[in-house]
Amino acid sequence: SVLIDGSTFTNYGTYNVGDASSVEGYFTQDAAGTLTFNFGTSTLPRLTVQYDTNLYGTVRPIVSGWLLPIANAVIAPGPGAAVYNYYAATPSTPIFGWNYAQPEPFGTFYMTPFATFASAAGGLDANEQSAAAYLQGQWNAANPNLAGFFAALYSGIDTPAAYQTMLDDLLPAASQTFATQLSDVSGSILGAAMSCPAFEGTSTLIGEGTCVWAKGGGGVINRYDTGGSVSSWATGAGGQKEIGGGWAVGGMLGTDVSRASGGSASGTGTSYYGSLALKRVDGPWTLALGVAGAVGTSEIDRHVETDGLTVSSESTSYLIGARARAAYDVAFDRFYVRPMIDLDVYHLYTPGYVEEGASAFALSVDASHHTGVTVSPAVEVGFRRDVDAQTILRGFFSIGASATPTPDRVIDASLVLAGSPDRFSTEIETPAVVGTLTAGLQLYQDSGWDVRGETQLRAGDDFLSVGGQLRLSYRF
């Protein structure tokens, strides 16, 4: 408090009134002066002035640990006195500002914070705007659970770039890394049992035989939009049986161990899958139908750049699907051309989960369902070379593309801290078109060992996958 016996107290510098102060006299703040006060839950005036107040300069609230759109009484005049506000300046950030008001003319001077989460996100992508609209709703509702969260944003978000980073920290895409990977490799899973090829007799027509096989391989999927990558090692075993009349049935079981790194995600995942296939070879035509199922479990850490902390989650994903394939062999003396087309339909289900950790950015992520449809035309060109009377070398190269009208998954989430039923939606993007190059060599005997190695490259918008595998079979 300042006792000046009815005279005028003029502030030319910084006057911090804290939670409660008073001036016994007149109060004038010069244009160079700054009045500061503790913004909080108290309904009492921060400064009581016995006589008139002339307010110039700046009024700056001190925000520490609590911020909601609740009015604080800053200056209250004594009986018969007045507060004259000459458009005092107030501070602002990329998302927060302050309004002042005097409900009664020249009466108590109030200040209330406002937030522009939604409008400040204009020009950002749809996911960032969705997160911004969610925060705007929580702010407008004055959610008391988020008072500390908003206070931290007030102090910590000082540039538009920092605001965009904060919105990205709200998105659940990183914790969905392994579910996204399972969707990315769905084509490999659906086609895993469709493979026991061999030339028919001395021709270059591709037929199907009876065999058992085991395989191993690895690969890396890079997503340049997030800066993250997933490396994996896959193993599997299966077999196929000719049942006469050009028909064959096959099946396989496999597992995939993966590691995520880069971007904001790191962790490990394991998936287990199986598939069955029914095939029909009729001259140059090969028709096939396959069904598959997979389950993946993962543990993942998500780094929050805004506060420097990490949140962790465990999640499970389930995939079921089917593939229909048609291929036609154009056979020449020593080589062949094989156009083919695959139609895949699959469904990916991820149960809900809750992130854990000290960060206020921990999310409660809802269960999600996604049905995908992919059409994959390709052309394979291969050659035949008889190494000896029993051993045949087959080389092949294919080029193709996969197109999907349903590339994006939608995930709903909320801040755990909010304790609110409100949610915001995030679209996890997958390229609508992915180009594929595959090349390999197969060395086999009509009855005996079969060794096949191949490598594959897939590329799309902000997406690159490179991998290879070695398959060892025994043909009957």
Side-chain angles (χ1 to χ4, degrees), residues 11 13-22 29 32-48 53 55-76 83 85 87-103 108-121 131-132 134-167 169-170 304-309 358-362 415-420:
N11 175 33
T14 299
Y15 179 27
N16 182 6
V17 301
D19 292 319
S21 293
S22 62
Q29 177 163 277
T34 299
L35 178 70
T36 64
F37 69 94
N38 294 337
F39 184 85
T41 59
S42 175
T43 59
L44 298 176
R46 302 305 190 269
L47 176 64
T48 301
T53 295
L55 190 62
Y56 297 87
T58 301
V59 181
R60 181 169 59 84
I62 298 174
V63 176
S64 178
W66 191 93
L67 186 67
L68 286 176
I70 306 297
N72 274 204
V74 183
I75 304 175
V83 176
N85 173 27
Y87 304 105
T90 59
S92 64
T93 77
I95 48 177
F96 291 105
W98 297 87
N99 290 320
Y100 45 69
Q102 291 175 276
T108 298
F109 177 81
Y110 292 87
M111 287 186 67
T112 306
F114 65 87
T116 59
F117 290 106
S119 60
Y134 167 76
L135 291 179
Q136 190 71 59
Q138 297 301 301
W139 171 264
N140 293 344
N143 185 338
N145 297 327
L146 295 180
F149 178 79
F150 290 134
L153 297 186
Y154 181 88
S155 302
I157 305 302
D158 54 1
T159 65
Y163 177 50
Q164 184 175 13
T165 296
M166 184 273 292
L167 293 177
D169 283 337
L170 277 174
V304 180
E305 186 173 343
T306 298
D307 60 17
L309 299 175
S359 175
F361 287 80
L415 286 169
V416 173
L417 188 63
S420 165

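This one's a predicted model, so the numbers in the text were calculated from it and none came from an experiment.
Defined by atom type and a distance below 3.5 Å, a donor-acceptor pair is missing between the side-chain atoms of T112 and N99.
In terms of the ring-ring contact (aromatic ring centres under 6.0 Å, His included) criterion, residue partners of F96 (sequence neighbours excluded) are, by chain and number, F117, W139, Y154. Partners of S420 by side-chain contact (heavy atoms from CB on, under 4.5 Å), not counting sequence neighbours, listed by chain and number: Q138, N143, A418, D422. Not counting sequence neighbours, the partners of T165 by the side-chain contact (heavy atoms from CB on, under 4.5 Å) test are D169, E305, T306. For S92, there are no side-chain contact (heavy atoms from CB on, under 4.5 Å) partners, not counting sequence neighbours. Residues forming a side-chain contact (heavy atoms from CB on, under 4.5 Å) with N72 (at least two apart in sequence, or on another chain): F37, F39, R46.
A 4.5 Å side-chain heavy-atom check between T41 and I70 finds every atom pair outside the cut-off. Two residues are said to be in side-chain contact when any heavy atoms from C-beta on lie closer than 4.5 Å; L135 and L170 meet this criterion.
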Run the side-chain donor-acceptor check on residues 60-68: report pairs under 3.5 Å with partners two or more places apart or on a different chain.
none

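Summarising the geometry, atom CE belonging to M111 is positioned 5.0 Å from atom OG1 belonging to T90; distances are rounded to the nearest 0.5 Å. Between the CG atom in N16 and the OG1 atom in T36 there is a gap of 3.5 Å [rounded to 0.5 Å]. Note that the OG1 atom of T53 and the CD atom of Q29 stand 10.0 Å from one another [nearest 0.5 Å].
Scanning both residues, F114 and W98, for their nearest heavy atoms gives CE2-N, 3.1 Å. Taking both residues in full, the closest heavy atoms of V304 and S359 are given as CG2-OG, 3.8 Å, listed atom of the first, atom of the second, then distance. Nearest approach of I95 to A120, heavy atoms of both residues: CG2-CB, 4.0 Å. Here the closest heavy-atom approach between residue P94 and residue P160 is recorded as CG-N, 4.0 Å. Closest non-hydrogen pair, Y100 versus N85, comes out as CE1-ND2, 3.0 Å. The shortest heavy-atom contact between Y15 and S21 is OH-CB, 3.9 Å.
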Verdict with supporting geometry, I157 and T93, side chain to side chain contact (heavy atoms under 4.5 Å, CB included): CA-CA 7 Å; I157 305 302; T93 77; 5.8 Å; no

Worked check of side chain to side chain contact (heavy atoms under 4.5 Å, CB included) between L35 and I75: CA-CA 10 Å; L35 178 70; I75 304 175; 3.8 Å; yes

